[in-house]
There are 2 protein chains.
Amino acid sequence: MSDAKDKPDELSADTTVPKAVVSRLSLYLRELQRLTREGEETTSSTQLGRLLGFTDAQVRKDLAYFGQFGYPGIGYRCHELIHAIKQILGTNQPWPLALVGLGNLGRALTNYKGFGSQGFQLCAAFDIDPTKVGQTIDGIPIFHHDDIARIVKEKNIRLAIVAVPATAAQGVADALVAAGIEGILNFAPVTLGLPKEIHTVGVDLAIELEQLSFAVVSRQAKNG
Amino acid sequence: MSDAKDKPDELSADTTVPKAVVSRLSLYLRELQRLTREGEETTSSTQLGRLLGFTDAQVRKDLAYFGQFGYPGIGYRCHELIHAIKQILGTNQPWPLALVGLGNLGRALTNYKGFGSQGFQLCAAFDIDPTKVGQTIDGIPIFHHDDIARIVKEKNIRLAIVAVPATAAQGVADALVAAGIEGILNFAPVTLGLPKEIHTVGVDLAIELEQLSFAVVSRQAKNG
DNA sequence: TAGATTGTTAATCGATTAACAATC
DNA sequence: TAGATTGTTAATCGATTAACAATC
């Protein structure tokens, strides 16, 4: 399937891709990387689906948005599919990241190794505390908020993580957008108001926990 | 609308509620709380939708899964709707939480104030490091992994946060489930294999960042 | 070949949006 | 009353699943 067959451009989506498909793509990638670590050469839509709780049809349909990656009768070669998904997600290239806010969460993130292996690398941190500015933390230089625009441009940073208190988040986001940032991972518990061309993903611990408490109480309401 | 009208049970869903509805409910709650902090008495489906990027119809439809909370011609009284959503999500009651793993992320969470205000409270932490066990961190007692079952039962803990390395996560999850935990917020970058009656929510920083890199590269592919 | 598995089409299912009578 | 806004039904839209010919 390496050749593009009748598809004009094998790795770019012709039709618009649902958000849910993209997050499953990330899950496939994570699972494929685990399988290769465990020595597997190939896998199948059935196996991937079973490991992640999806149907085999869904796995195949998701991948079909982007091209043909499998071999009928055989399945998918793990390393090939990993390569293809990374290309789709854009993580075959490195992504320098900015981190704004060095409270508890921000400092934990400077130390976090989890996304380094996926091509993301913190290369500038920002805070307003004058005792922090000018220092480095885990090898990452700390700058003042006022330098966001300059540093973002100098280091060609396109994605940023916001880990400041809720009250400061919108101002920080505005500064990042003004500096040319294209995507924001927001840990502050607020919905940011931003131009629609700026991509945002929000992670709010309270909201995640609320999904769990709802699931638990609604299940017990059903079952008595 | 305080009376239940023709609905048999105003706050429990008769039909099964989509996951997406529940997470929007959390967003409505967060926004309503912000509006009341800013002194607003009432709001409307149009205002809530605009603030969060949804249509007004969707806001009303989501709420309609659970009952009638609004006043035609007026909108929603913020404090009433907050109360109702908390009851739906189960967060009108306190939820003691267990935290497993006291690495960078785990320690950041012990200090995090964000979910306390929503009724969630860390009341036991677990680690295997003997220098940590027996200490307290931010007022939270630290126990050994081997005591998970005992402490979970003693403290009536139903929800847990897993913040251990990927390789340890499945074992920890199994221990939590054996101890009677009903829901897990998993920060480890693995899909946990658990009985279907156990609810899990996964938060993986790399995956969130991948959603952003995809959005950025696919947009530029489209626009040139 | 027989068995396995893909990619894709059609059928099903579910979720979102539009529209509007009912209400304040 | 006139204007605003709800709750709900019907129409639209989108996503998932089932089925199967094509392929190895």
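This one's a predicted model, so the numbers in the text were calculated from it and none came from an experiment. So you know, we letter chains A, B, ... as the sequences are listed, proteins then strands, and number each from 1. Quick note: numbers below take in every heavy atom, side chains included, and nothing from hydrogens, waters or symmetry partners.
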Send over the distance from A:Ile74 CD1 to C:dG7 P, rounded to a whole Å. 12 Å
Could you work out which one of C:dT23, D:dT23, D:dT8 sits closest to the side chain of B:Pro72? C:dT23
Specify the separation, in whole Å, of atom CD of A:Glu80 and atom C1' of C:dT6. 14 Å
Does C:dT23 have OP1 or OP2 under 4.0 Å away from a side-chain N or O of B:Gln68? no
Stems in DNA chain C, runs of 3 or more consecutive Watson-Crick or G-U wobble pairs with both distances under 3.5 Å, sorted by first number, are C:3-24 with D:3-24
Spacing of A:Asp56 atom CG relative to C:dA4 atom P, expressed in whole Å: 14 Å
Atom of B:Gly193, atom of B:Asp174 and distance for their closest heavy-atom approach: O-OD1, 4.3 Å
Identify the two heavy atoms, one from B:Pro96 and one from B:Asn156, that lie closest to each other, and give their separation to 0.1 Å. CG-O, 3.7 Å
Which heavy atom in A:Tyr76 sits nearest to a heavy atom in A:Arg60, and how many Å separate them? OH-CG, 3.6 Å
From the list A:Val21, A:Leu25, A:Thr16, side chain to side chain contact (heavy atoms under 4.5 Å, CB included) with A:Tyr65 holds only for A:Val21
Going by the side chain to side chain donor-acceptor pair (under 3.5 Å) test, which pairs reach into residues 185-200 of chain A, not counting sequence neighbours? A:Thr191-B:Arg30
Taking C-beta and beyond as the side chain, do A:Tyr112 and B:Asn104 meet within less than 4.5 Å on heavy atoms? no
If you take all heavy atoms of A:Ala179 and A:Val152, which pair is closest and at what distance? O-CG1, 3.6 Å
Of all heavy-atom pairs between A:Ala160 and A:Ile181, which one has the smallest distance, and what is that distance? CB-CD1, 3.9 Å
In this structure, are over 12 heavy atoms from other groups packed under 6.0 Å from A:Gln121 atom CD? no
Please identify each residue that fulfils salt bridge (charged side-chain N to carboxylate O under 4.0 Å, His left out) with B:Glu208, with sequence neighbours left out. none
Please state whether the phosphate of C:dA22, meaning OP1 or OP2, lies under 4.0 angstrom from any side-chain nitrogen or oxygen of B:Tyr71. no
Within residues 44-51 of chain A: residues closer than 4.0 Å to DNA chain C (heavy atoms): A:Ser44, A:Ser45
Per-nucleotide protein contact along nucleotides 12-19 of chain C, 5' to 3', at a 4.0 Å heavy-atom cut-off (B base, S sugar-phosphate only, - neither), is ---SBBBB
Send over the distance from A:Leu81 CG to C:dT5 P, rounded to a whole Å. 15 Å
Distance, rounded to the nearest Å, where B:Tyr76 contributes OH and C:dC24 contributes P: 14 Å
Those residues at least two apart in sequence (or on a different chain) that pass salt bridge (charged side-chain N to carboxylate O under 4.0 Å, His left out) with B:Arg107 are none
